[in-house]
Amino acid sequence: MLGAMTLDEKVAQLVGYWLDQNGVVAPMQGEMAAVQQGTTLADITRDGIGQFTRVYGTRPVEPDERAAWLWAEQRRLKRETRLGIPALVHEECLTGLAAWKAATFPTPLAWGASFDPELVEQVGAAIGASMRQLGVHQGLAPVLDVVRDPRWGRVDECIGEDPYLVGTVGTAYVRGLQSAGVDATLKHFLGYSASQAGRNHAPVHAGAREVADVYLPPFEMALRDGGARSVMNSYAEIDGVPVAANGELLTDLLRDRLGFDGTVVADYFSVAFLEVMHGIAADRGEAAALALEAGIDVELPTGDAYLEPLVERVRSGQVDEGLVDRAVLRVLRQKERLGLLEPDVFEDEPPTGIDLDTPLHRSLARQLAARSLVLLSNDGGALPLAPGASVAVIGPNADRAEALQGCYSFANHVLASHPDLPLGFAIPTVREAVTQALGSTAVRYAAGCAVTGDDRAGIADAVAVAAASDVAVVVVGDQAGLFGRGTVGEGNDTESLDLPGVQRELVEAVVASGTPTVVVLLTGRPYALGWALDGDQPRPAAVVQAFFPGEGGGLAVADLLTGAASPSGRLPLSLPRSAGAQPFTYLHPRLGGPSDVTAADSTPVRPFGFGLTYTDFAYEDLVVDEHVRSDGVFTASVTVRNTGSVDGEDVVQLYGHDVHGSVTRPEAQLLGYARAALAAGESTRIRFRVPVQRFAFTDRRMRKVVEPGDVQVWVASHAAASRPGGPVPAGGIVASGDGPVRHPVPGTATERATVAVTGTVHEVTPDDPRLVEWSLA
């Protein structure tokens, strides 16, 4: 097929065409995406087309009608273009398919908070099934960027701050999506989340070792263990080299070392950005040459650089046509694998009666939301609510469906430009769900204030409603949006980690009323909440963190409040002390934690992995293999006991520390985790199988190795938990090795066990299966 193609037909396969440029859903869209006037779609695609950009996801369209249009258009491409190659269709699917009337699931931070990759895989499969039914072939998800700075607006698209958690959960989503026949696209390769000062599109100042050991592992897992079939480049530059023009990353690392043989697609306009944002290309033609040579196969969302500018350079001899052929072959192989080159494709009738929010979607959305809710405090057992209590539901996010949804939901991504249209599916707000659970006579409501702004006029009414009730539930947080249309989301970076607007004043006023107050946070990033968790009295009686929990989120919050469900979510990233303490990660070496030689304290208010339940769990009898070879596997087993009086579910976390390395090592790192649902008084034995490659790192010669020596292993309820009566393990809680405890946080842990890693230095190769092997129990 390649041999029969003209140059124009080849480059046509390397670009997308954006049918509907409605609203602003991509960076600099207004400046970059020129709408072609006076031509028909047949004229535009006369040489064929590689992809259609967001057929369903750029404006509200009826699923049945759009599917009928798409089937007809694909038949036209087969019939009227010389080669008869249909278009590949891609869509966003980060919180569910981003299309009108499609189910909205929790945002990826909630996936991380669930610590439940099996459930995330089921969610991915359900999303993929909807996409495949609509004739969509590629999903632009998941985001595998490791969180480093919560000031970055795109944190709500990420899974967490730990590479292993990001890798296991992200890989599960890839498996689910691709099980339905939709190619997953890993974003954003590589190091995007390390942007300077948490600013979107900012330069990245990360060393090669940090890139290899922190930002790369989730992609390795999703590629080698999950079989991901597409990758999207990062907008960022690393040490002065834009990733879109970095062949060392996109070809040498991704393809030659990691063995990736799928397609690399450009993040929207990133090829043109080599000229207009990075300034390393003089024009679109040079930008195309740089990106194509580096390894970007497909320009999205349009063909600004890979059409006429690239053709001109090939015909003038400035670009080797062999580079075009390389990319075209990858595209054709992808289309062949997806069935787009079969003679009978799209000959069937398009689907009708399409339901994008089935009972299965709704059930999975509610389950994932429930498992992602994190109970941060519960002073005096304020939760669950006492039977018969009257409840004041207060706050700017208490009765807004948009407050439950992330930046890449269709509601906040597209429908913000169509305020007169309904969401198209059921999404009970927290107020509606609590009213449904308790009855209308038990619930009073007041908004109190808006998410943003300084209007305090409604606070007095909120205080009055609280004072007349037995309990106040104050629902505060974010409004997700794009490029200034919200408080979090792409382009909505922040200089402060205080709650937006006057929401803290609202909470404090309600607390001061004397009514026991439960704070529910619907956010896309963690905020500095020390005042609500550890401040002087009075403070809220309980605090619940929800990361945009989706269409089942209101119901899940009501279940938690009433005790119909027990909280089991855990923080997928540290709860920050302040904006000035960022960037921070629990994966710091000794010098990265608090110390007596500095007055600045980066200790998080609550550590990675933290979360309370309605019962108590104890860990007993940790048994760990005493010796393991540097290329081997060791086991660690522990008894988990529910010591409380109610049933509950625990997230058991296995941590490790490399005692002595040739380069500095984290004071604690996650090695494995498991959920354990136990009735009151019940116990179970959990066994972890841990490849020693979990301790691999890049040494001074830039080799990924496992070094012989002692490693410590322990089981804990979070990254900074201590054993009863013993010293607090490192992880952001102690001043130094034997320093004073500054911020004790409730938690339990076993004694540390020592494993002797024997043998010689083991160099870990990218094709070593144990490098990406899960150590889930």
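- A salt bridge is absent between Glu62 and Arg66; no separation between the charged side-chain nitrogens and carboxylate oxygens falls under 4.0 Å.
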Starting from the C-alpha separation in whole Å, work towards a yes-or-no answer on side-chain hydrogen bond (donor to acceptor under 3.5 Å, both in side chains) for Tyr673 and Thr168. CA-CA 10 Å; Tyr673 58 90; Thr168 50; 2.7 Å; yes

Take Leu404 and Phe548 through the side chain to side chain contact (heavy atoms under 4.5 Å, CB included) test and state the conclusion after the steps. CA-CA 5 Å; Leu404 295 163; Phe548 292 144; over 6 Å; no

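- Of the possible donor and acceptor atoms, one in the side chain of Glu432 sits under 3.5 Å from a partner among the backbone N and O of Thr429.
- Shortest non-hydrogen contact noted between Ser566 and Gly648 is OG-CA, 4.3 Å.
- Checked for salt-bridge contact, Asp534 and Arg606 meet the test: a charged N lies under 4.0 Å from a carboxylate O.
- Residues Leu356 and Pro63 form a side-chain contact, since some pair of their non-hydrogen atoms from C-beta on lies under 4.5 Å apart.
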Determine, step by step, whether Glu161 and Ser574 satisfy the side-chain hydrogen bond (donor to acceptor under 3.5 Å, both in side chains) criterion, reporting the C-alpha distance in whole Å, the side-chain angles of both residues, the deciding distance to 0.1 Å, and the verdict. CA-CA 8 Å; Glu161 73 174 91; Ser574 306; 2.8 Å; yes

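- Counting heavy atoms from C-beta outward, Ser363 and Arg366 have side chains that stay 4.5 Å or more apart.
- Taking both residues in full, the closest heavy atoms of Val646 and Asn642 are given as O-ND2, 3.0 Å, listed atom of the first, atom of the second, then distance.
- Looking at Val518 and Val471, their side chains come closer than 4.5 Å, going by heavy atoms from C-beta outward.
- Under the 4.5 Å side-chain criterion, counting only non-hydrogen atoms from C-beta, Leu560 is in contact with Tyr614.
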Would you check, one step at a time, whether the test side chain to side chain contact (heavy atoms under 4.5 Å, CB included) holds for Asn200 with Arg154? CA-CA 8 Å; Asn200 200 35; Arg154 303 195 76 168; 3.6 Å; yes

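- Taking CG of Asp116 as the reference point, atom CD of Gln367 lies at 9.0 Å (rounded to 0.5 Å).
- Residues Leu119 and Leu364 are in side-chain contact: their nearest non-hydrogen atoms beyond the backbone lie under 4.5 Å apart.
- Atoms CG and CG, on Leu571 and Leu376 in that order, are 5.5 Å from each other to the nearest 0.5 Å.
- Between the side chain of Arg444 and the backbone N or O of Ala468, at least one donor-acceptor pair lies under 3.5 Å.
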For Phe608 and Leu670: C-alpha separation, side-chain torsions, deciding distance, then whether side chain to side chain contact (heavy atoms under 4.5 Å, CB included) applies. CA-CA 10 Å; Phe608 171 86; Leu670 185 67; 4.1 Å; yes

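- A side-chain donor-acceptor contact under 3.5 Å links Ser469 to the backbone of Val465.
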Take Leu177 and Cys93, measure what side chain to side chain contact (heavy atoms under 4.5 Å, CB included) needs, and give me the verdict at the end. CA-CA 10 Å; Leu177 196 71; Cys93 58; 4.1 Å; yes

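- The two residues Pro549 and Leu522 make their nearest non-hydrogen contact at CD-CD2, 4.0 Å.
- Separating the CG atom in Leu94 from the CD atom in Glu91 is a distance of 13.5 Å, to the nearest 0.5 Å.
- A donor and an acceptor atom, one from each side chain of Thr352 and Asp64, are nowhere located under 3.5 Å apart.
- Atoms CD and CG, on Gln405 and Leu415 in that order, are 9.0 Å from each other to the nearest 0.5 Å.
- No side-chain donor-acceptor contact under 3.5 Å links Thr643 and Asp616.
- Between Ser377 and the options Leu533, Leu383, Val519, a side chain to side chain contact (heavy atoms under 4.5 Å, CB included) holds for only Leu533.
- In this structure, NE2 on His361 lies 11.5 Å from CZ on Phe425, to the nearest 0.5 angstrom.
- Within the 4.5 Å cutoff, the side chain of Leu561 has heavy atoms near those of the Val434 side chain.
- The list of side-chain hydrogen bond (donor to acceptor under 3.5 Å, both in side chains) pairs with a residue in residues 535-555, not counting sequence neighbours, reads Asp379-Arg539, Thr523-Gln545.
- Geometrically, Lys187 engages Tyr408 in a cation-pi contact defined by less than 6.0 Å to the ring centre and at most 45° from the axis.
- Listed here is the closest heavy atom pair of Ala172 and Pro117: CB-O, 3.1 Å.
- Taking each heavy atom of Thr107 and Phe547 in turn, the nearest pair found is CG2-O, 3.4 Å.
- Checking side-chain atoms of Asp149 against main-chain N and O of Gln582 turns up no donor-acceptor pair under 3.5 Å.
- Under the 3.5 Å distance criterion, with hydrogens and angles disregarded, no donor-acceptor pair is assigned to the side chains of His188 and Ser193.
- Under a 3.5 Å cut-off, the side chain of Asp470 and the backbone N or O of Ser390 do form a donor-acceptor pair.
- With respect to Arg371 and Glu649, a salt bridge is recorded, a charged nitrogen being found less than 4.0 Å from a carboxylate O.
- Interatomic distance, OG of Ser114 versus CG of Leu165, reported as 8.0 Å (0.5 Å rounding).
- Checked against the 6.0 Å centroid criterion, the rings of Trp152 and Tyr192 qualify as a close aromatic pair.
- Summarising the geometry of Val55 relative to Val61, their closest heavy-atom pair is O-CG2, 4.4 Å, with the distance given to 0.1 Å.
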Listing, residues 472-483 side-chain donor-acceptor contacts under 3.5 Å, not counting sequence neighbours, or none:
unit_1	atom_1	unit_2	atom_2	d
Asp478	OD1	Thr487	OG1	2.7
Asp478	OD1	Tyr527	OH	2.4
Asp478	OD2	Gly524	N	3.0
Asp478	OD2	Tyr527	OH	3.3
Gln479	OE1	Arg400	NH1	2.5
Gln479	OE1	Arg400	NH2	3.1
Gln479	NE2	Asn412	OD1	2.9

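- Side-chain contact between Leu497 and Pro150: present, with at least one pair of heavy atoms (C-beta onward) separated by less than 4.5 Å.
- Evaluated for a side chain to side chain contact (heavy atoms under 4.5 Å, CB included) with Pro108, the options Val120, Leu144, Thr95 yield exactly one hit, Thr95.
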Evaluate side-chain hydrogen bond (donor to acceptor under 3.5 Å, both in side chains) for Thr494 paired with Arg151, printing each intermediate quantity in order. CA-CA 5 Å; Thr494 185; Arg151 296 174 297 179; over 6 Å; no

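- The side-chain tip of Arg570 does not point at the ring of Phe115 from less than 6.0 angstrom away and within 45° of straight on.
- In this structure a side-chain-to-backbone donor-acceptor pair under 3.5 Å is present from Glu682 to Ala679.
- Between the side chain of Thr435 and the backbone N or O of Gly439, no donor-acceptor pair lies under 3.5 Å.
- Side-chain contact check for Val155 versus Leu109: some heavy-atom pair is nearer than 4.5 Å.
- A donor-acceptor pair under 3.5 Å links the side-chain atoms of Gln503 to the main chain of Pro500, judged by distance alone.
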